[in-house]
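Contents: one structure, followed by commentary.
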Amino acid sequence: MNYWLFKSEPSAYSVDDLARDRVTAWTGVRNYQARNLMRDAMRAGDRAFFHHSSCEEPGIAGIAEICRPAYPDETQFDRKSRYYDAGAPRDNPRWFNVDVKFVRKTRVVTLAELRAQKALKNMQVLKRGNRLSITPVTPAEWACVEHLLEKT
DNA sequence: GCCAACGTTGGC
DNA sequence: GCCAACGTTGGC
């Protein structure tokens, strides 16, 4: 099993939205690195931190599970979508998405709190200039954050 | 609102 | 294939 971190702006889609929907298609990713992670490395059953970005309190806010491996992202074919891609015909899709399922909400673990952990000093989401919306998390990092979540 | 960092685009 | 210009991300 692999571990991941998914960033989302809560004004666009929050952990509460996922709690309501239970399952959602993680469409709209238009970055090749993030796409490759979804398409090539994610498996059903993988777990992910749901991270809120560009908001009042950026940080980890919940846990989700990959419940369907990658398949072509419908929004790339939809002329009316902001994610439409004229260079991606149906017979040669460029963008993929997985489905994620709600596991639970957590207290918000802020970036400052994450940065204070020595065990997380190499965590990709904390690296300077990181803009990738999907990043891998190591088992050790996952365990460290889970431990943090048990505290208040 | 600022600005550093990064990905993409396009001229050459 | 290089690289400057540009647009976007996202923390602060």
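Atom set for the values below is all heavy atoms of this structure, side chains included, hydrogens, waters and symmetry mates excluded. So that the names make sense, note that chain A is the first sequence line, chain B the second, and so on, each numbered from 1. Small disclaimer: the values here were computed from a predicted structure and weren't measured.
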Query raised in the report: Atom CD of A:Glu57 and atom C1' of C:dG10: how far apart are they, to the nearest Å?
Result: 16 Å
Query raised in the report: Please give, in whole Å, the distance from C:dT8 C1' to A:Arg82 CZ?
Result: 11 Å
Report summary line: A:Asp85 atom CG is separated from B:dG7 atom P, nearest whole Å, by 19 Å
Report summary line: Taken to the nearest whole Å, NZ/A:Lys127 to C1'/B:dA4 is 17 Å
Report task. Rounded to the nearest angstrom, tell me the gap between atom CD1 in A:Ile60 and atom P in C:dG10. Result -> 15 Å
Report summary line: Separation of C:dC12 atom C1' from A:Asn130 atom CG, nearest Å, is 16 Å
Query - A:Trp95 ring center within less than 6.0 Å of A:Tyr83 ring center - result: no
Query - Between P of B:dG7 and CG of A:Asn36, the distance in whole Å - result: 13 Å
Requested in this report: Examine distances only and state if a side-chain atom of A:Asn31 and a backbone atom of A:Ala34 form a donor-acceptor pair shorter than 3.5 Å.
Outcome: yes
Requested in this report: Name the nucleic acid region contacted by A:Ser54, choosing base, sugar-phosphate or nothing; use a 4.0 angstrom heavy-atom cut-off, strictly under.
Outcome: base
Query raised in the report: In whole angstroms, how far is the C1' atom of B:dT9 from the OH atom of A:Tyr32?
Result: 12 Å
Report summary line: The nucleotide from B:dG7, C:dG10, C:dG11 with an atom nearest the side chain of A:Glu9 is C:dG10
Query raised in the report: Do we get A:Arg68 above A:Tyr71's six-membered ring, with its NZ or CZ under 6.0 Å from the centre and within 45° of the axis?
Result: yes
Requested in this report: Evaluate the ring planes of A:Trp26 and A:Phe6, with Trp represented by its six-membered ring, and classify them as parallel (under 30°), tilted (30 to 60°) or perpendicular (over 60°).
Outcome: perpendicular
Requested in this report: Return the nearest nucleotide to the side chain of A:Leu111; candidates are C:dG11, B:dG7, C:dG10.
Outcome: C:dG11
Query raised in the report: Base, sugar-phosphate, or nothing: which does A:Arg115 touch, judged by heavy atoms less than 4.0 Å apart?
Result: sugar-phosphate
Query - Proximal nucleotide (of C:dG11, B:dG7, C:dG10) relative to the A:His51 side chain - result: C:dG11
